[in-house]
Participant: 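Questions regarding the structure given below will be posed in turn.
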Amino acid sequence: MVSAAATAFSKTAQRGMLSSMFIHPPKSSHITQHSTQLQTPTPLEKFKIDCKSSSGINTNDALTSFDNMLQIKPSPPISSFNKLMGVVAKTKNYQDVIFMYHRMVGADLLPDYITLNILINCYCSLKRVDLGFAVVGGNFKRACSPDIVTFTSLIKGLCLEDKIDDAVVLFNKIIGMGFQPSIWTWATLIKGLCRGGNAVTALRLYKEAGSSNGRSGLRFNPDLTCYATLIHGLCKEGLVDKGKQLFLEMKGRGIMPDLVTYSGLIHGLCEGGEWEEAKRFFIEMVDRGIRPNVILFTILIRALCKSGKTEEASGLLNLMIQRGEEPNSFTYSTLMNGFCMENRIDDAKNLFALMEAKGYKRDVVCYNVLINGYCKCQKLEEAMRLFNEMARDECKPTVITFNTLLTGLFQVGKVEDARALFTKMEVHEVTPSSSTYNILLDGYFNNNCLVEAMELFHTLERSGFVLNVETYNFVLDGFCKAGKLDLASELFERLPQKGLVPTVVTYSIMIQGFFKNNFHAKAMELFHTLERSGFVLNIVTYSCVLDGLCKVGQLELASELFERLFEKGLVPTVVTYSIMIHGFCKNGKMEKAYSLFLEMEKEGCAPNLITFNTLMHGFCSCNDAPKVVELLQKMAERNIFPDADEKLGNIIGDESNKSLQHLFKASQPTQEHAELNKAMRRRQACRVE
DNA sequence: GTAGGGTTAG
């Protein structure tokens with residue numbers, strides 16, 4: 001055994017850590033003097049070396065040293081083993097730490113409370129809080145007692161598994177037991193609350209415990225980390241004003257925000273569309289001499305992409321490179337996604353190629369982004385080619401990869417390929433998620449594969465797979481669209497028996513379904529019942545009702561309801577406006593249709609292809625050439641291309657409309673644009689979700 | 001020698 005350890009040690013010495021010590025021997029080190037004698041050090045010497053330099057150690061070396069230490073008799077102190085375990089834990093190689101622990105126990109060494117704390121933290125970080133608790137109930141009971149560090153890890157573990165309530169219960173319990181939470185405990189709980197979208201609770205905790213009115217004995221003096229966590233959490237939930245307030249408060253307390261704090265605040269502001277404010281804080285930060293790093297640049301690049309400024313985002317990428325800040329895979333996938341969202345698939349592809357050229361590892365997210373880009377513009381062959389390339393790049397597809405591809409395949413009607421891909425999931429050891437089943441159900445229904453959809457649905461119901469209301473929504477929508485209103489109604493009635501609560505989406509689907517299947521009275525009855533009960537309906541529900549009313553010729557009623565939306569604090573979407581515009585056009589009320597179109601533009605709601613088509617159709621029908629010209633111009637401004645339309649062609653064909661001919665030729669849709677239009681229409685096809 | 005904060009995809 002000892003010789004095996006010696007061999008292992010000499011390998012380590014040749015390989016890494018020690019060789020660098022030979023090159024740069026530390027002054028006045030007796031260990032180095034030993035080493036320069038070119039004899040293989042004994043395990044004990046090795047242990048001494050390790051203890052001296054464990055700060056710069058890598059995981060492999062730590063594991064080897066650990067094994068060596070296990071051979072030493074008498075055993076080195078437990079603290080030395082803990083130190084090495086701590087080093088490995090810092091690298092997030094939790095499985096290795098657990099392995100080390102078992103080796104230790106196997107060698108009859110008695111772990112102390114720190115060993116157990118490290119072990120528990122590893123289990124918690126791996127989302128196995130149950131095993132963490134098992135350690136507390138087992139080893140801990142025998143040897144020593146858990147302390148505040150133990151409980152902090154357990155609280156983190158519960159939060160990571162989304163058991164926020166349990167985490168709060170544990171927090172209160174330990175206070176009841178007389179423990180004083182440390183600043184780490186507070187930070188962990190705040191982070192856990194913010195992670196689960198409970199930033200308001202975190203803020204309340206901060207206010208209660210931070211003031212003199214708090215529970216007796218409970219003191220909380222937040223530090224930089226606590227503030228950063230709380231600010232980011234609040235901003236993420238759209239409570240940007242509260243985040244800013246806290247930002248000022250911490251400054252007032254003399255705690256100066258650092259890069260992480262600014263990043264969290266700026267991220268929140270960007271996500272909430274408060275671009276100017278974000279810029280203001282960014283400038284303040286730079287003025288304070290804090291340099292942005294790759295994470296903040298990525299946040300900014302995402303924000304630019306989200307507001308349609310991919311060119312600027314691209315410029316920012318170049319700027320960060322110029323400034324010597326290396327982009328990472330997050331940065332690249334963010335910008336690639338920005339390009340894909342604008343259908344600039346070639347730019348995304350070039351970036352993807354650039355990553356390879358620069359020697360960057362292209363991770364699964366990069367692949368997923370590009371695959372999604374290809375799916376969005378209906379280039380499924382390319383998407384599948386990328387999928388097949390992933391293996392070559394040693395990149396394992398995730399459930400997101402499969403869900404993306406399945407969605408894309410169903411959208412272009414490639415049901416056979418979707419089916420084949422689904423069976424491949426098992427080969428790739430990827431477990432389908434409830435989203436996967438939703439995509440399959442939706443895909444089968446939309447491609448008129450009613451039998452398959454029903455089969456899958458019944459298999460799922462029988463399999464014991466926990467179906468949530470979202471899945472039922474897809475089935476209900478499928479039934480309604482397939483004209484099977486009887487099945488939909490029956491299933492809808494049965495939801496409570498299954499312990500499921502219909503959501504606003506469920507109700508919207510049913511209202512739309514009733515209208516579509518000519519049960520207008522039932523649709524309105526459901527709508528009125530919901531309104532009277534105080535159930536909060538959203539703009540989609542109202543859009544479904546408006547659409548139904550318009551279709552049954554109740555334009556007056558629809559107009560009244562539309563006007564009432566504003567009182568309810570609801571903001572009409574492009575779909576809502578298009579529905580109303582369509583209603584007016586169909587009834588020959590072109591003036592009303594047009595004024596609503598102007599209104600939506602004024603409100604900052606961008607008209608889309610469907611809006612333009614509806615209006616264009618209306619104005620063509622009444623031969624209003626000047627309006628058609630105006631609309632064509634507006635479309636061109638928005639980079640939207642008209643569909644080839646017979647009536648539009650007739651107007652343009654008229655000799656008297658030379659300017660129109662010219663304009664139409666300039667905006668003549670190419671094959672690619674026609675495909676994009678088709679893709680957009682499919683995406684927007686009366687989707688309630 | 002153990003516990004806490006900011007970035008990407010469906």
Side-chain angles (χ1 to χ4, degrees), chain A residues 51 54 77-87 89-90 97 111-122 124-125 147-157 159 181-192 194-195 222-233 235-236 257-268 270-271 292-303 305 327-338 340-341 363-373 375-376 398-408 433 435-436 438-439:
Chain A
C51 287
S54 69
I78 288 296
S79 62
S80 306
F81 291 96
N82 292 343
K83 196 171 182 181
L84 280 176
M85 283 170 76
V87 168
K90 284 258 184 314
V97 181
D112 68 1
Y113 75 101
I114 290 184
T115 327
L116 298 179
N117 276 346
I118 296 172
L119 179 69
I120 288 168
N121 190 47
C122 289
C124 291
S125 302
D147 61 1
I148 192 61
V149 176
T150 325
F151 290 122
T152 302
S153 294
L154 290 170
I155 288 170
K156 178 179 80 174
C159 292
S182 71
I183 195 75
W184 306 82
T185 322
W186 283 108
T188 306
L189 187 64
I190 289 173
K191 165 77 178 162
C194 290
R195 192 179 163 273
D223 65 356
L224 182 61
T225 300
C226 291
Y227 274 115
T229 313
L230 203 42
I231 290 167
H232 180 235
C235 290
K236 217 176 60 183
D258 65 352
L259 175 62
V260 177
T261 322
Y262 275 106
S263 302
L265 180 66
I266 291 169
H267 184 209
C270 289
E271 291 295 304
N293 68 355
V294 58
I295 296 182
L296 185 49
F297 274 119
T298 306
I299 290 170
L300 297 173
I301 286 173
R302 181 178 144 90
C305 288
N328 59 21
S329 67
F330 283 62
T331 326
Y332 279 111
S333 36
T334 302
L335 187 55
M336 275 167 55
N337 194 46
C340 288
M341 290 304 105
D363 63 13
V364 64
V365 179
C366 293
Y367 272 98
N368 288 349
V369 165
L370 199 56
I371 286 174
N372 185 43
C375 286
K376 275 222 151 47
T398 63
V399 69
I400 296 181
T401 321
F402 283 99
N403 289 353
T404 308
L405 279 165
L406 287 170
T407 307
S433 63
S435 298
T436 316
N438 294 345
I439 293 163

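Values reported hereafter were calculated over all heavy atoms of this structure, with side chains retained and with hydrogens, waters and symmetry mates removed. So that the names make sense, note that chain A is the first sequence line, chain B the second, and so on, each numbered from 1.
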Participant: Considering only side-chain heavy atoms of Thr298(A), which listed nucleotide, dT7(B), dT2(B), dA9(B), is closest?
Facilitator: dT7(B)

Participant: Mind checking Ile299(A) for me? I need base, sugar-phosphate or nothing, with any heavy atom below 4.0 Å counting as a touch.
Facilitator: sugar-phosphate

Participant: Whole angstroms only, please: what is the CD1-C1' distance between Ile155(A) and dT2(B)?
Facilitator: 15 Å

Participant: Can you tell me which nucleotide in dT7(B), dG5(B), dA9(B) comes closest to the side chain of Asn372(A)?
Facilitator: dA9(B)

Participant: Among dG6(B), dG4(B), dG5(B), which nucleotide has an atom closest to any side-chain atom of Lys156(A)?
Facilitator: dG4(B)

Participant: Check the side chains of Thr298(A) and Thr331(A) for a donor-acceptor pair under 3.5 angstrom, ignoring hydrogens and angles.
Facilitator: yes

Participant: Is a donor-acceptor pair below 3.5 Å formed from side chain Thr261(A) to base dG5(B), judging by atom type as modelled?
Facilitator: yes

Participant: Measuring from Asn368(A):CG to Phe402(A):CZ, what's the distance to the nearest 0.5 Å?
Facilitator: 10.0 Å

Participant: Ignoring hydrogens and geometry beyond distance, is a side-chain donor-acceptor pair present between Thr404(A) and Thr407(A) at under 3.5 Å?
Facilitator: no

Participant: By the 4.0 Å heavy-atom rule, please label Leu259(A) as base, sugar-phosphate, or nothing.
Facilitator: base

Participant: Looking at Lys191(A), I'd like to know whether one of its side-chain N or O atoms comes within less than 4.0 Å of OP1 or OP2 on dA3(B).
Facilitator: no

Participant: In whole Å, I'd like the distance from the CG atom of Leu335(A) to the C1' atom of dT8(B).
Facilitator: 11 Å

Participant: Across the strands shown, which category fits Ile183(A) at heavy-atom distances under 4.0 angstrom: base, sugar-phosphate, nothing?
Facilitator: base

Participant: Can you tell if the side chain of His232(A) reaches within under 4.5 Å of the side chain of Leu265(A), non-hydrogen atoms only?
Facilitator: no

Participant: Look up atom CD1 in Ile231(A) and atom OG in Ser263(A), then write down how far apart they are to the nearest 0.5 Å.
Facilitator: 11.5 Å

Participant: Figure out the NZ/P separation between Lys90(A) and dT2(B), and round it to whole Å.
Facilitator: 5 Å

Participant: Below 4.0 angstrom from OP1 or OP2 of dT7(B), is there any side-chain N or O of His267(A)?
Facilitator: yes

Participant: At under 4.0 Å between heavy atoms, what does Thr115(A) touch on the DNA or RNA strands: base, sugar-phosphate, or nothing?
Facilitator: nothing

Participant: For Thr150(A), answer base if it contacts any base atom (sugar-phosphate contacts may also be present), sugar-phosphate if it contacts only those atoms, and nothing otherwise; contact means non-hydrogen atoms under 4.0 Å.
Facilitator: nothing

Participant: Would you indicate, yes or no, if dT7(B) has its OP1 or OP2 atom less than 4.0 angstrom from a side-chain nitrogen or oxygen of Arg302(A)?
Facilitator: no

Participant: Which nucleotide, dG5(B), dG4(B), dG10(B), lies nearest any side-chain atom of Asp223(A)?
Facilitator: dG4(B)

Participant: What's the separation between atom CG in Leu230(A) and atom SG in Cys194(A), rounded to the nearest 0.5 Å?
Facilitator: 5.5 Å

Participant: What's the closest nucleotide to the side chain of Ala187(A) if the choices are dT8(B), dA3(B), dG4(B)?
Facilitator: dG4(B)

Participant: Under a 3.5 Å cutoff, is there a donor and acceptor pairing between the side chains of Thr334(A) and Asn337(A)?
Facilitator: no

Participant: Do you see a donor-acceptor pair shorter than 3.5 Å between the side chains of Asn438(A) and Ser435(A)?
Facilitator: no

Participant: Taking atom P of dG4(B) as reference, at what distance in whole Å does atom CH2 of Trp186(A) sit?
Facilitator: 18 Å

Participant: As a test of reading the structure: which of dG5(B), dA9(B), dT7(B) is closest to the side chain of Val365(A), going by heavy atoms?
Facilitator: dA9(B)

Participant: Quickly work out the Asn293(A) CG to dG6(B) P distance and round it to whole Å.
Facilitator: 13 Å

Participant: Residues from residues 400-407 of chain A sitting under 4.0 Å of DNA chain B, heavy atoms only?
Facilitator: Ile400(A), Asn403(A), Thr404(A)

Participant: Please classify the nucleic acid contact of Val149(A) as base, sugar-phosphate, or nothing, using heavy-atom distances under 4.0 Å.
Facilitator: base

Participant: Which nucleotide in the set dT2(B), dG5(B), dA3(B) lies at the smallest distance from any side-chain heavy atom of Tyr113(A)?
Facilitator: dT2(B)

Participant: Compare the minimum distances between each of dG4(B), dG10(B), dT8(B) and the side chain of Cys226(A), then state the nucleotide with the smallest one.
Facilitator: dG4(B)

Participant: Begin with the C-alpha distance, continue with both residues' side-chain angles, and end with the deciding distance and a verdict on side-chain contact (heavy atoms from CB on, under 4.5 Å) for Thr152(A) and Val149(A).
Facilitator: CA-CA 5 Å; Thr152(A) 302; Val149(A) 176; 5.6 Å; no

Participant: Of all the choices, dT7(B), dA3(B), dT2(B), which nucleotide is nearest to the side chain of Ile295(A) once you look at every atom?
Facilitator: dT7(B)

Participant: Stacking between dA3(B) and Trp184(A), yes or no? Criterion: centroid separation under 5.5 angstrom, plane angle under 30 degrees.
Facilitator: yes

Participant: Roughly, in whole Å, what's the span from NZ in Lys83(A) to P in dT2(B)?
Facilitator: 9 Å

Participant: Would you classify Ile266(A) as touching base, sugar-phosphate or nothing, given that sugar-phosphate means primed atoms plus P, OP1 and OP2, and contacts are heavy atoms under 4.0 Å?
Facilitator: nothing

Participant: Are the side chains of Lys156(A) and Asn121(A) in touch, meaning some heavy atoms are under 4.5 Å apart?
Facilitator: yes

Participant: Report yes or no: is there a donor-acceptor pair, N or O only, under 3.5 Å between the side chain of Ser182(A) and the base of dA3(B)?
Facilitator: yes

Participant: To the nearest Å, how far apart are Met336(A) CE and dG10(B) C1'?
Facilitator: 14 Å

Participant: Whole angstroms only, please: what is the CD1-C1' distance between Ile301(A) and dG6(B)?
Facilitator: 15 Å

Participant: Just to be sure I understand the rule, does Ser79(A) reach a base, reach only the sugar-phosphate, or reach nothing, if contact means heavy atoms closer than 4.0 Å?
Facilitator: base

